[in-house]
J.: 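Below you'll find the structure I mean.
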Amino acid sequence: MRLSVFWRIILTSLFIIVVMAGVNLYALFQLRQLTALSANMVTLHYPAIESAKHLLTVLYAQLNSEKKYLVVRDATFLRHFDEEVEEFHRGLQSLEAQELTPKGNKLINDVKHMHQERLAMLHEKLEKKASSPAPLSGDYEGRRDALMERISATLQELISLHESGISVGVSRSRESSAQAESVTEQLVLLALVFGITLAGFASYSILRPLRQLQSHIKQIGQGNFRTPLNIRAPSELRDLVDAVNRMGTKLQELDDMKEEFLAHVSHELRTPMASIQEGTHLLLDEIPGPLVQEQRTTLRIMADSSRRLITLISTILDLSKMNAGMMEYRIVPMDIKRVADISVNKVQLLADAKHVQLLLETPGRHVWVKADMFRVEQVLDNLLSNALKFVKVVMKPDPSVGTLEVSVTDGGPGILAEDLPYIFERFYQGRTKAKQAAPGSGLGLALAKNVVEAHGGRIWIESEAKKGTTVRFTLPLMKPGESV
């Protein structure tokens, strides 16, 4: 199923949006993880550390109140001690409620048991003191201070545990942040490449058939109607391609009708025109009787016009045969210098009359090519008849590639750049005209192109307005050792 241009654009945009949405969701997921780590440190570790430090403060406040009471026996200090014990219990319960790690819970239980043991020691001591008011023994103080050290060390261990948790959390946050940054960059780059590739592919799948269609329309404009365009394209463009193919078929039918009409008319005109030309020559030879000067001038004009018309008719017939693939060429070894001399001699009188200088540059030796002598002579005749002012014919054989290049250069008005692509089309004469130029049919270059290409060569024009024109064509040289 071939998608339309609309759906190709929609699906491409949708794919790009989905990819970018996936990248954004991944980045959001990583951000939530970092937020969870930060929240864990804020809600768990920092409060636990603060609570444990507060318990240490309260614990030593208890010790201070106890010592004061044992020294002065003031009930106020005992009341302070009881309040601090309650505060210690509340802090320990709060810490126990927010603690989530097994090791932390064990340390809190150890602190609870040691604190209970410490209170039991004090109560036991106070009871003994009440029954026997003796000085406080060093044994009690030693056991009390050792127990206080153990409680303090346990609380410090709990603080270290949570500080380690903070360090681990920070390290994990950094690693997760770095990993998220790296993966996000890679995903963004991948999404960018994927998006550009997908957009490029969609654009290419639309633009490629358009360019092929544009090239095909140019070929139709140049007269090539026979080859239909068959390409894979979206449905909208497929309809346009079918319409262009139908147009090409119709144009080909019209072109075939035109060719048939020209060939038929040209063939029918050749015989009466030959009769007119022969009759004119008989009159000029004064076979029927003597002529006055005015009659002779008129007959010469008629003879020249009939000759040009017969040449035009012959050219049209030749082009019709070439286009139909029916032209027969008699390919034989020929000396291109000899053919060039013949063509130059034909136009020499006309060139002298128009004060056109003819210059022929050929190699000192004979140059042999395999070609139809009459057709090559016809090409040179057409090129030389188009030349004005100064004309230079140059032949350059190139044995390394096995071709002969022939160039005909004139010093005429040149050809406009916009005319060059169409200069070999039939009946096209361009827009640059010289004042002394003879009217032409626009068929000479078309015939020359067909003849040269039929011999396996190529023909092209180099020109610049107001600086003259050079027509170049190539013919295959005879291979070394090939018989003449």
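Counting from 1, the numbers follow the sequence of the chain as shown. Only this structure's heavy atoms are used, side chains among them; waters, hydrogens and symmetry mates stay out.
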J.: May I have the step-by-step check of side chain to side chain contact (heavy atoms under 4.5 Å, CB included) for I423 and L445, ending in yes or no?
T.: CA-CA 7 Å; I423 205 67; L445 288 176; 3.8 Å; yes
J.: Report yes if some heavy atom in the side chain of I461 is under 4.5 Å from a heavy atom in the side chain of F424; otherwise report no.
T.: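 The answer is yes, as the side chains (C-beta and beyond) meet within the 4.5 Å cut-off.
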J.: Look up atom OG in S94 and atom CD in E99, then write down how far apart they are to the nearest 0.5 Å.
T.: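 Here the rounded value is 11.0 Å.
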J.: Hey, what do you get for CG (L56) to CG (L155), rounding to the nearest 0.5 Å?
T.: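 Result: 4.5 Å between the selected atoms.
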J.: I would like to know whether L190 and L192 meet side chain to side chain contact (heavy atoms under 4.5 Å, CB included); could you show each step before the answer?
T.: CA-CA 5 Å; L190 182 63; L192 184 62; over 6 Å; no
J.: If you take all heavy atoms of L477 and P397, which pair is closest and at what distance?
T.: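 For L477 versus P397, the nearest heavy atoms are CD1-CB, 4.0 Å.
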J.: Flag the pair V393 / L384 as yes when at least one side-chain heavy-atom distance between them is below 4.5 Å, and no otherwise.
T.: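 Yes. Closest side-chain heavy atoms under 4.5 Å.
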J.: Surrounding CZ of F29 (heavy atoms of other residues, nucleotides or ligands, distance under 6.0 Å), is the total greater than 12?
T.: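 No, not enclosed.
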J.: Do you see a donor-acceptor pair shorter than 3.5 Å between the side chains of D398 and T403?
T.: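 No, T403 and D398 have no side-chain donor paired with an acceptor closer than 3.5 Å.
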J.: Using modelled atom types and a 3.5 Å cut-off, is there a donor and acceptor pairing between side-chain atoms of H455 and backbone atoms of D372?
T.: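 Present.
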J.: Taking the side chain as every heavy atom from C-beta outward, state whether L158 and L95 have any pair of such atoms under 4.5 Å apart.
T.: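 The answer is yes; the side chains approach within 4.5 Å.
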J.: Under 4.5 Å between any side-chain heavy atoms of K337 and L360, yes or no?
T.: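 Sidechains of L360 and K337: no contact.
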J.: Judged by atom type as modelled, is there a donor-acceptor pair below 3.5 Å linking the side chain of T474 to the main-chain atoms of R458?
T.: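 Such a contact is found between T474 side chain and R458 backbone.
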J.: Go through T470 and V408 one step at a time and tell me if the side chain to side chain contact (heavy atoms under 4.5 Å, CB included) criterion holds.
T.: CA-CA 6 Å; T470 299; V408 179; over 6 Å; no
J.: Please name the residue in the list D335, I331, I336, I342 that meets the side chain to side chain contact (heavy atoms under 4.5 Å, CB included) test with M373.
T.: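 The side chain to side chain contact (heavy atoms under 4.5 Å, CB included) with M373 is passed solely by I342 among D335, I331, I336, I342.
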J.: When you measure from the side chain of S463 to the backbone of G468, do you find a donor-acceptor pair of N or O atoms at a distance under 3.5 Å?
T.: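 Flag set: sc S463 to bb G468 pair under 3.5 Å.
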J.: Locate the shortest heavy-atom distance separating S343 from D381; write the atom from each residue and the value.
T.: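 It is OG-OD1, 3.0 Å.
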J.: Taking the side chain from E157 and the backbone from I159, do they hold a donor-acceptor pair closer than 3.5 Å?
T.: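 No.
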J.: If we only count heavy atoms from C-beta on, is the F473 to L380 side-chain gap below 4.5 Å?
T.: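 Yes, at least one pair of side-chain atoms sits under 4.5 Å.
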J.: Provide the closest heavy-atom pair for I459 versus A448 in the form atom of the first, atom of the second, distance.
T.: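 The answer is CD1-CB, 4.2 Å.
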J.: Say you draw a straight line from NE2 of H162 to CG of L107; how long is it, rounded to the nearest 0.5 Å?
T.: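 So the gap between those two atoms works out to 8.5 Å.
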J.: Looking at every heavy atom in both M395 and A340, which two are closest together, and how far apart are they?
T.: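 Closest approach of M395 to A340: CE-CB, 3.0 Å.
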J.: When rounded to the nearest 0.5 angstrom, what is the spacing between CG in L161 and NZ in K106?
T.: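 Those atoms lie 12.0 Å apart.
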J.: Atom OG1 in T280, atom CE in M302: separation rounded to 0.5 Å?
T.: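 The CE atom of M302 is 4.5 Å from OG1 of T280, to the nearest 0.5 Å.
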J.: I'd like to know if the side chain of T297 and the backbone of Q293 have a donor-acceptor N/O pair within less than 3.5 Å.
T.: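 Side chain of T297 to backbone of Q293, a donor-acceptor pair under 3.5 Å: yes, one is there.
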J.: Is it true that a side-chain atom of Q295 and a backbone atom of V292 form a donor plus acceptor pair closer than 3.5 Å?
T.: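 Yes, because the side chain of Q295 sits within donor-acceptor range (under 3.5 Å) of the backbone of V292.
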J.: Check whether any side-chain heavy atom of P476 lies under 4.5 Å from a side-chain heavy atom of K370, and answer yes or no.
T.: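 They are not in contact (no side-chain heavy atoms under 4.5 Å apart), so the answer is no.
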J.: Is a side-chain donor-acceptor pair under 3.5 Å present for Q214 with R211?
T.: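 The answer is no; no qualifying pair exists.
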J.: Which pair of non-hydrogen atoms, one from L404 and one from V367, has the smallest distance, and what is that distance?
T.: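 Nearest pair, atom of L404 first, then V367: CD1-CG1, 3.9 Å.
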J.: Does a salt bridge link E405 with R472, judged by any charged N lying under 4.0 Å from a carboxylate O?
T.: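 Looking at E405 and R472, the cut-off is met.
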J.: Is there a side-chain contact between V394 and V406 (heavy atoms, below 4.5 Å)?
T.: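 No, too far: nothing below the 4.5 Å cut-off.
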J.: Nearest heavy-atom pair of E163 and I49: which atoms, and what distance?
T.: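 Between these two residues, the closest heavy atoms are CG-CD1, 3.6 Å.
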